[in-house]
Amino acid sequence: MVKEINIKTILNKNKTRDDLFLGNYTLNPYAGCSMACIYCYTRGSKYGGNYGVVVRAKSNAVTILKKQLKNSIRRNERGIIILGSAADPYPPVEKDLNLTREILGIIKRYKFPIHILTKSKLIIRDMDILDGIKEVAILPDELSDKLDNGVIMSFSFSTVDEKLSKIIEPGAPSPIARLETMKKYSEAGFKTGIINMPILPFLSDSEEDIKSMVKTAKKYGAHYVLYAGLTLYGNAPDDCKTLYFNFLRDNYPDLLLDYEKLFKGSIASPKSYQRDLGLRFNEVSNRYGIKNNIIN
Ligand code: SF4
């Protein structure tokens, strides 16, 4: 289901560049996401939108973006735009609407660099425009010797296990489809990588799981693998914590107690778990010669 909405702003400026994704701005052509990942914290009540899996297309986005980019240039505020920080920029409906494609055309015209976050194979359609952005985008001075060009492309995964993905990411393309799409872009000279977010406790966080993720990433042309743990928010019916515990109850009832102990009513796992996860991830990445950051 798709609804069209009008918005007042489309380009949001971060106070400072975020170190992980390198974004100065965020931009979401759509609100809500039909990929319906059960762990998605942008659905449900966290941001007050209750967008759930209903996709809202920001139909006046192109007009508003032109104005905002012109203003940014006038203020000499260039920087990397994160496309898809809150909802995938390539939901299936994009195939007909071409909204993200039009937005990319504007970004190219104004020569802004971008970092696209997606799970979709539809991004392959826009290789021509992305090639153009790669040629013309003006990087911020402080990143000009750390990036080869102004297009970064990250494909997100919580697991490379096809069966598990089908349950927890029911509307998303399969992991292998995402990997093959990434490979095509990598072979075409783009900076591509994997975002292993969220890593699922007891399901995709073992050394073996991480090894499988890192080896697979490398095989399919990733230049980096970023990672983060799971956060579980809210008790409303559409909140990810509720959906995630329902998933555990239906599929892994033996893990319920482990999760309750790990999260103890908090939205995140304890610092000690996160530290161990980070050590494990860095160690495996070093072993396989893949970086955990984007810059050269
Ligand atoms: S693809 Fe991303 S935005 Fe869409 S539901 Fe999954 S995690 Fe959320």
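What you see below is based on every heavy atom in this structure, not just the backbone, and it leaves out hydrogens, waters and symmetry mates. Everything numeric in this text was worked out from a predicted model, so none of it was measured. Along the sequence shown, residues are numbered consecutively beginning with 1.
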Is there a ring-ring contact (aromatic ring centres under 6.0 Å, His included) between Tyr252 and Phe202? Walk through the geometry before answering.
CA-CA 10 Å; Tyr252 298 93; Phe202 315 112; over 10 Å; no
Please lay out, stage by stage, how Ile82 and Leu117 fare under the test side-chain contact (heavy atoms from CB on, under 4.5 Å).
CA-CA 7 Å; Ile82 305 292; Leu117 316 179; 3.7 Å; yes
Using the side-chain contact (heavy atoms from CB on, under 4.5 Å) rule, take Ser85 and Asn28 through it: C-alpha gap first, then chi angles, then the decisive distance, then the call.
CA-CA 7 Å; Ser85 60; Asn28 291 287; 3.0 Å; yes
Test side-chain contact (heavy atoms from CB on, under 4.5 Å) on Tyr110 and Ile138; report intermediate values, then the result.
CA-CA 9 Å; Tyr110 292 99; Ile138 300 168; over 6 Å; no
Determine whether Lys183 and Glu187 satisfy the following criterion, salt bridge (Lys or Arg N to Asp or Glu O under 4.0 Å), listing intermediate values before the conclusion.
CA-CA 6 Å; Lys183 189 161 185 248; Glu187 287 172 352; 3.5 Å; yes
Start with the C-alpha distance between Asp209 and Ser212, add both sets of side-chain angles, then the distance that settles side-chain hydrogen bond (donor to acceptor under 3.5 Å, both in side chains), and finish with yes or no.
CA-CA 5 Å; Asp209 296 324; Ser212 165; over 6 Å; no
Apply side-chain hydrogen bond (donor to acceptor under 3.5 Å, both in side chains) to residues Asn235 and Thr242 and explain how you reach the verdict.
CA-CA 6 Å; Asn235 295 311; Thr242 308; 5.0 Å; no
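Using modelled atom types, no side-chain atom of Tyr273 and backbone atom of Gly229 make a donor-acceptor pair closer than 3.5 Å. Put simply, the side chain of Asp205 never gets that close to the backbone of Ile199: no donor and acceptor are under 3.5 Å apart. No donor-acceptor distance shorter than 3.5 angstrom exists from the side chain of Ser269 to the backbone of Phe263, with no hydrogens or angles considered. Remark: the backbone N or O of Leu226 is not paired with any side-chain donor or acceptor of Asn196 at under 3.5 angstrom. The backbone N or O of Ile176 lies less than 3.5 Å from a partner atom in the side chain of Glu162, making a donor-acceptor pair. Judged purely by atom type and a 3.5 angstrom limit, His115 uses its side chain to pair as donor or acceptor with the backbone of Phe21.
If you check the side chains of Tyr227 and Asn282, you find a donor sitting under 3.5 Å from an acceptor. At a cut-off of 3.5 Å, with distance as the only test, no side-chain donor of Asp88 or Ser120 sits close to an acceptor on the other residue. Side chains of Ser285 and Asn292: a donor-acceptor N/O pair is present below 3.5 angstrom, by distance only. For the residue pair Arg125/Asn98, the side-chain donor-acceptor check at 3.5 Å is satisfied. Using a 3.5 Å distance cut-off with no hydrogens or angles, the side chains of Asp239 and Tyr244 do not pair a donor with an acceptor. Side-chain atoms of Asn14 and Thr26 include no donor-acceptor pair closer than 3.5 Å.
Surrounding NZ of Lys13 are more than 12 heavy atoms belonging to other residues, nucleotides or ligands, all under 6.0 Å away. Around atom NZ of Lys58, more than 12 heavy atoms belonging to other residues, nucleotides or ligands sit under 6.0 Å away. Around the NZ atom of Lys211, the shell of radius 6.0 Å holds more than 12 heavy atoms that belong to other residues, nucleotides or ligands.
Ion pair Asp128/Arg101 flagged as a salt bridge, since at least one NZ, NE, NH1 or NH2 atom sits closer than 4.0 Å to an Asp/Glu carboxylate oxygen. Here Glu283 pairs with Arg287 in a salt bridge; the nearest charged N to carboxylate O distance falls below 4.0 Å.
The CG atom of Asp126 sits 6.5 Å away from the CD atom of Glu94 when rounded to the nearest 0.5 Å. From Lys70, atom NZ reaches atom CD1 of Ile106 across 9.5 Å, with rounding to the nearest 0.5 Å. For the atom pair CG (Leu139) and CZ (Arg78), the distance works out to 10.5 Å, reported to the nearest 0.5 Å. The distance from the CG atom of Asp276 to the CZ atom of Phe281 is 14.5 Å, given to the nearest 0.5 Å.
Not counting sequence neighbours, the partners of Ser165 by the side chain to side chain contact (heavy atoms under 4.5 Å, CB included) test are Thr159, Glu169, Pro175, Arg178.
Using a 4.5 Å cut-off on side-chain heavy atoms (C-beta onward), His223 and Ser186 make contact.
Figure legend: Lys291 and Tyr224 shown without cation-pi pairing, the cationic atom not lying both under 6.0 angstrom from the six-membered ring centre and within 45 degrees of its axis. Both tests do not hold together for Arg56 against Tyr30: distance to the six-membered ring centre under 6.0 Å, angle to the ring axis within 45°.
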Could you give the side-chain donor-acceptor pairs of residues 61-68 under 3.5 Å, partners two or more places apart or in another chain?
{"residue": "Gln68", "atom": "OE1", "partner": "Ile10", "partner atom": "N", "Å": "2.7"}
{"residue": "Gln68", "atom": "OE1", "partner": "Leu11", "partner atom": "N", "Å": "2.9"}
{"residue": "Gln68", "atom": "NE2", "partner": "Leu11", "partner atom": "O", "Å": "3.0"}

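Leu83 and Ile294 are assigned to two separate hydrophobic clusters, defined by single-linkage of ILVMFWY side chains at heavy-atom distances under 4.5 Å. The cluster map of Ile, Leu, Val, Met, Phe, Trp and Tyr, joined by side-chain heavy atoms under 4.5 Å apart, puts Ile152 and Ile124 in different clusters.
For an aromatic pair to be called close, the ring centres must be under 6.0 Å apart, and Tyr41 with Tyr233 fails this.
Among residues at least two apart or in separate chains, side chain to side chain donor-acceptor pair (under 3.5 Å) pairs with a member in residues 132-147 are Arg17-Glu142.
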